[in-house]
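Worksheet: the structure to be examined is printed underneath.
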Amino acid sequence: MSTSTLEESFKENPQSPQHILPIDFHLIQEVPNSHLWPNINNFPINHDEKNPNVPIIDLLAPNVVELIGHACKTWGIFQVINHGISLDSFDEVESQARRLFALPVEEKVKVMRSTSGATGYGTARITPFFSKFMWHEGFTIMDSPLDHAKKLWPHDYQEFCDVMENYQKKMKALSFQLWLFILNYLQPSQEHLINSFEFTQALQLNSYPCCPNPNHALGLAPHTDSLFLTILHQTNNTKGLQILKKDQGWTSITPISNDALIVNVGDLLHILSNGEFPSVYHRVLVDQTKHRVSLAYFFGPQVDSTIVPLVSFDKNVGVVVPKYRKVKVKEYLSLKAKHLEKVFSLIRS
């Protein structure tokens with residue numbers, strides 16, 4: 001598929017320029033009022049950094065289908081090891097991401113995301129839903145970053161493109177492997193579902209600059225991801241990601257190793273699983289002394305695909321009733337662009 005169709009889905013909900021351009025973090029000595037979040041610490045926060053129950057899954061384990069299915073059902077998030085992607089691959093992408101984010105603002109604005117676009121430089125798309133801005137800048141790629149890279153480095157763009165395209169290929173293969181495991185868990189007897197979707201992808205490079213007041217700033221505000229799966233690499237084994245776990249408050253998800261990947265369930269997989277898999281509510285904190293970079297890969301179905309909840313037969317109640325109506329991906333993305341976390345209430349059966 002052409003990923004331009006994913007970009008097309010954003011054109012119906014344009015954003016204003018002030019919600020796209022980040023501030024110049026290089027010039028900031030203190031957090032401006034526009035970025036001060038007064039209530040961050042009003043949440044109950046779990047400070048246990050050992051991730052006592054976050055599943056860690058070896059993809060070579062013989063019972064990997066059951067392990068992943070259980071992790072999706074109980075947590076909606078897990079870490080994977082033995083995924084076959086080398087540390088060098090992560091280092092290369094991080095190096096190129098830092099090369100981009102280190103550029104002066106006047107260079108980065110050359111590739112600023114358009115008001116109706118999906119790729120390029122800018123703030124998080126959830127920005128308009130909040131009264132405060134986030135301590136974050138991002139760069140979104142769908143397949144080839146060639147056009148943008150040529151504007152940033154007219155004579156030295158090829159390495160950036162090669163690294164990003166190679167990483168996306170590896171992430172797509174891993175995502176499809178995880179997808180097959182998940183589908184096997186949800187509907188082991190329905191092999192025809194394996195070919196029922198064609199897929200789209202997006203790679204998000206995230207930059208969280210050093211913050212003078214990290215207790216009153218947020219890297220990313222609380223939200224869920226929209227597609228099937230998100231695969232996150234937090235570079236240099238640094239923490240920042242937190243999930244809201246029932247009865248535990250905000251819990252930090254720290255990578256267990258430099259090559260561990262964090263995988264979380266997105267909205268469309270929550271719908272497909274008929275609510276069995278939670279779509280993880282998460283946020284990102286910032287640090288006073290570390291400039292953090294993370295790599296988020298989003299994997300999901302084409303925008304013209306239709307998501308129909310998979311319902312099963314329960315001997316006690318008969319056929320399980322769908323919790324959500326069937327919905328086209330494009331319609332879902334449009335609803336979420338207007339309503340954010342209220343979107344699930346709009347598609348309930």
Side-chain angles (χ1 to χ4, degrees), residues 13 15-49 51 54 76-77 101 105 108 112-113 115 121-140 204-226 230 232 234 238-254 262 264 267 278-294 296 336-345:
N13 299 283
Q15 295 182 323
S16 59
Q18 66 263 33
H19 284 140
I20 298 174
L21 181 63
I23 59 172
D24 188 349
F25 293 104
H26 295 305
L27 299 179
I28 297 296
Q29 302 299 318
E30 60 182 51
V31 179
N33 183 59
S34 58
H35 290 67
L36 276 176
W37 293 66
N39 300 318
I40 293 175
N41 292 329
N42 288 356
F43 291 103
I45 297 178
N46 182 341
H47 284 289
D48 188 347
E49 302 296 347
N51 304 325
V54 177
I77 191 167
F101 291 123
V105 168
K108 289 184 283 193
M112 191 173 82
R113 191 174 75 237
T115 55
Y121 176 74
T123 60
R125 294 196 66 87
I126 57 174
T127 297
F129 288 97
F130 300 93
S131 60
K132 298 294 184 177
F133 287 91
M134 288 160 261
W135 204 259
H136 166 269
E137 56 182 341
F139 185 80
T140 309
Q204 174 77 18
L205 311 179
N206 295 306
S207 165
Y208 305 101
C210 299
C211 180
N213 189 352
N215 291 326
H216 286 286
L218 270 180
L220 284 180
H223 66 286
T224 61
D225 294 336
S226 298
T230 302
L232 179 73
Q234 298 192 87
T238 55
K239 65 185 181 219
L241 176 68
Q242 290 190 323
I243 65 167
L244 187 61
K245 187 81 166 79
K246 189 176 180 182
D247 303 325
Q248 294 188 27
W250 287 104
T251 301
S252 291
I253 308 296
T254 306
I262 297 168
N264 70 264
D267 297 350
S279 186
V280 179
Y281 199 53
H282 58 283
R283 68 180 188 180
V284 177
L285 304 184
V286 290
D287 193 277
Q288 190 162 4
T289 59
K290 292 178 182 175
H291 175 197
R292 293 181 51 254
V293 170
S294 73
K336 190 171 183 182
K338 295 183 180 76
H339 304 285
L340 202 59
E341 74 271 9
K342 297 175 184 175
V343 63
F344 288 132
S345 64

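This one's a predicted model, so the numbers in the text were calculated from it and none came from an experiment. Basis for what follows: all heavy atoms, side chains included, without hydrogens, waters or symmetry-related copies.
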Distance alone, cut at 3.5 Å: any donor-acceptor contact between the side chains of Lys336 and Ser226?
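Side-chain D/A pair, Lys336 to Ser226: present.
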Please check if any side-chain donor atom of Thr140 sits under 3.5 Å from a side-chain acceptor atom of Gln204, or the reverse.
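Gln204 and Thr140 do have a side-chain donor-acceptor pair below 3.5 Å.
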Before giving the answer on side chain to side chain contact (heavy atoms under 4.5 Å, CB included), spell out for Leu205 and Val293 the whole-Å C-alpha distance, their side-chain angles and the decisive distance to 0.1 Å.
CA-CA 7 Å; Leu205 311 179; Val293 170; 5.8 Å; no
Can you tell me how far the [atom1] atom of [X] sits from the [atom2] atom of [Y], to the nearest 0.5 Å?
| X | Y | atom1 | atom2 | result |
| --- | --- | --- | --- | --- |
| Trp37 | Arg283 | CH2 | CZ | 10.0 Å |
| Leu36 | Asn215 | CG | CG | 11.0 Å |
| Tyr281 | Ile243 | OH | CD1 | 13.5 Å |
| Thr251 | Gln242 | OG1 | CD | 7.5 Å |
| Leu241 | Ile262 | CG | CD1 | 5.5 Å |
| Tyr121 | Ile20 | OH | CD1 | 12.0 Å |

So Phe133 and His19, would you call those rings parallel, tilted or perpendicular, with 30° and 60° as cut-offs?
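Judged by the thresholds at 30° and 60°, the geometry between Phe133 and His19 is tilted.
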Shortest non-hydrogen separation from [X] to [Y] and the atoms involved:
| X | Y | result |
| --- | --- | --- |
| Thr115 | Ser16 | CG2-C, 4.4 Å |
| Val286 | Pro214 | O-CB, 3.5 Å |
| Gln288 | Pro212 | NE2-O, 3.5 Å |
| Ser279 | Phe344 | CB-CZ, 4.3 Å |
| Ile77 | Val54 | O-CG1, 4.5 Å |

Criterion side chain to side chain contact (heavy atoms under 4.5 Å, CB included) on Thr224 and Glu341, from CA distance to verdict:
CA-CA 8 Å; Thr224 61; Glu341 74 271 9; 6.0 Å; no
[Y] side chain reached by [X] side chain, heavy atoms, under 4.5 Å:
| X | Y | answer |
| --- | --- | --- |
| Cys211 | Phe25 | no |
| Thr127 | Met134 | yes |
| Phe101 | Pro209 | no |
| Ser207 | His291 | yes |

Give a yes or no on whether the backbone of [Y] and the side-chain of [X] come within a donor-acceptor separation of less than 3.5 Å.
| X | Y | value |
| --- | --- | --- |
| Trp135 | Cys210 | yes |
| Arg113 | Thr123 | yes |
| Lys132 | Asn33 | yes |

Is there a side chain to side chain contact (heavy atoms under 4.5 Å, CB included) between His136 and Asn206? Walk through the geometry before answering.
CA-CA 7 Å; His136 166 269; Asn206 295 306; 2.9 Å; yes
So, using side-chain contact (heavy atoms from CB on, under 4.5 Å) as the criterion, who are the partners of Asp225 when residues are at least two apart?
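Counting only residues at least two positions away or on another chain, Asp225 forms a side-chain contact (heavy atoms from CB on, under 4.5 Å) with His223, Thr230, Asn264, His282, Phe298.
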Output all residues satisfying side-chain contact (heavy atoms from CB on, under 4.5 Å) with Asp24, sequence neighbours left out; order by chain, then residue number.
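side-chain contact (heavy atoms from CB on, under 4.5 Å) list for Asp24, sorted by chain: His26, Leu27, Val105.
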For a side chain to side chain contact (heavy atoms under 4.5 Å, CB included) check, start with the C-alpha distance between Val31 and His216, then their side-chain angles and the critical distance, and finish with the verdict.
CA-CA 8 Å; Val31 179; His216 286 286; over 6 Å; no
Taking CD in Glu30 as the centre, count heavy atoms belonging to other residues, nucleotides or ligands within less than 6.0 Å. Is the count above 12?
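For Glu30, atom CD is not crowded (no more than 12 foreign heavy atoms under 6.0 Å).
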Can you name the one residue among Asp287, Leu218, Val284 that meets side chain to side chain contact (heavy atoms under 4.5 Å, CB included) with Tyr208?
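Single side chain to side chain contact (heavy atoms under 4.5 Å, CB included) partner of Tyr208 among Asp287, Leu218, Val284: Val284.
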